[in-house]
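See below for the structure under consideration.
Please read all numbers here as calculations on a predicted model, not as lab measurements.
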Amino acid sequence: MDIGGGCGLILPEAHVKYLAEMFLGDQLVIGVKVIELGRSSFRMIYRIERDGRATAEGETTMVCFDYQSRKPRRLATEFQDKVREYEKL
């Protein structure tokens, strides 16, 4: 996935905390939000709810990665601007 400027994403870190059981057929609401935007990475939080009660919460760090040079790189300005606008950061 190219998010601009020839940059792809890697997921170097993920955490999840299960708070309640979930079953096939459950009606779940999944929320996702970018909470921090850095130069070459951003953090996202996740929350899964059933009937208004949390069943899981999580967090990931996403890093902009140049697959040709095999190095992290700065997030494209257009990507940063769109995330800031959408998330009201």
Side-chain angles (χ1 to χ4, degrees):
M1 168 195 282
D2 187 327
I3 63 167
C7 177
L9 291 174
I10 59 171
L11 174 70
E13 188 172 347
H15 301 274
V16 64
K17 183 176 183 181
Y18 293 98
L19 305 170
E21 294 178 315
M22 293 172 270
F23 301 97
L24 181 65
D26 284 354
Q27 293 290 322
L28 303 173
V29 176
I30 301 170
V32 180
K33 180 172 180 53
V34 174
I35 59 167
E36 185 179 320
L37 193 57
R39 290 174 36 155
S40 63
S41 66
F42 55 98
R43 287 186 355 182
M44 300 177 75
I45 56 172
Y46 307 84
R47 182 177 169 96
I48 302 173
E49 295 180 355
R50 180 185 52 236
D51 299 326
R53 297 185 59 190
T55 57
E57 296 175 338
E59 182 177 320
T60 60
T61 299
M62 305 295 285
V63 175
C64 179
F65 192 75
D66 184 327
Y67 283 91
Q68 290 196 352
S69 69
R70 311 298 299 164
K71 295 180 182 177
R73 66 183 292 182
R74 188 178 206 113
L75 289 164
T77 302
E78 182 180 3
F79 177 82
Q80 290 183 34
D81 291 345
K82 287 183 179 184
V83 170
R84 282 191 182 99
E85 178 183 348
Y86 183 81
E87 296 289 8
K88 312 274 189 282
L89 293 175

### Message
Could you report the tightest heavy-atom contact between P12 and T61, atom names first, then the distance?
### Response
CD-O, 3.1 Å
### Message
Going by ring-ring contact (aromatic ring centres under 6.0 Å, His included), name the pairs with one or both residues in residues 64-89, residues two or more places apart or in two chains.
### Response
F42-F79, F65-Y67
## Note on the structure
So disulfide (SG to SG under 2.5 Å) across residues 4-74, not counting sequence neighbours, yields C7-C64
### Query
CG of L89 to CG of D81: how many Å apart, nearest 0.5 Å?
11.5 Å
### Task
Give a yes or no on whether the backbone of E87 and the side-chain of K33 come within a donor-acceptor separation of less than 3.5 Å.
yes
### Query
Within a radius of less than 6.0 Å around CD of E78, do more than 12 heavy atoms belonging to other residues, nucleotides or ligands occur?
no
### Query
Quick one: does R43's side chain have a donor or acceptor within less than 3.5 Å of a partner on G38's backbone?
no
### Query
Looking at CZ of R84 and CG of L37, how far apart are the two atoms once the value is rounded to the nearest 0.5 Å?
4.5 Å
### Task
Please name the pair of heavy atoms, one in R39 and one in Q80, separated by the smallest distance, quoted to 0.1 Å.
O-NE2, 3.9 Å
### Task
Could you pull out all residues at least two apart from T60 that satisfy side-chain contact (heavy atoms from CB on, under 4.5 Å)?
L11, A14, M44, Y46, M62
### Interatomic distance, I48 atom CD1 to M22 atom CE [nearest 0.5 angstrom]
4.5 Å
### Task
Determine, using the 4.5 Å side-chain heavy-atom cutoff (strictly less than), whether V34 and I45 are members of one ILVMFWY cluster.
no
### Message
Using 0.5 Å steps for rounding, measure from the CZ atom of R47 to the CD1 atom of I30.
### Response
13.0 Å
### Summary
Taking every heavy atom of A54 against every heavy atom of A20, the minimum-distance pair comes out as O-CB, 4.3 Å
### From CG (L9) to CD1 (I3), nearest 0.5 Å
4.0 Å
### Query
Quick one: do V16 and F23 end up in the same hydrophobic cluster if we chain Ile, Leu, Val, Met, Phe, Trp and Tyr together by side-chain heavy atoms under 4.5 Å apart?
no
### Task
Taking atom NZ of K82 as the centre, report whether more than 12 heavy atoms of other residues, nucleotides or ligands fall under 6.0 Å from it.
no
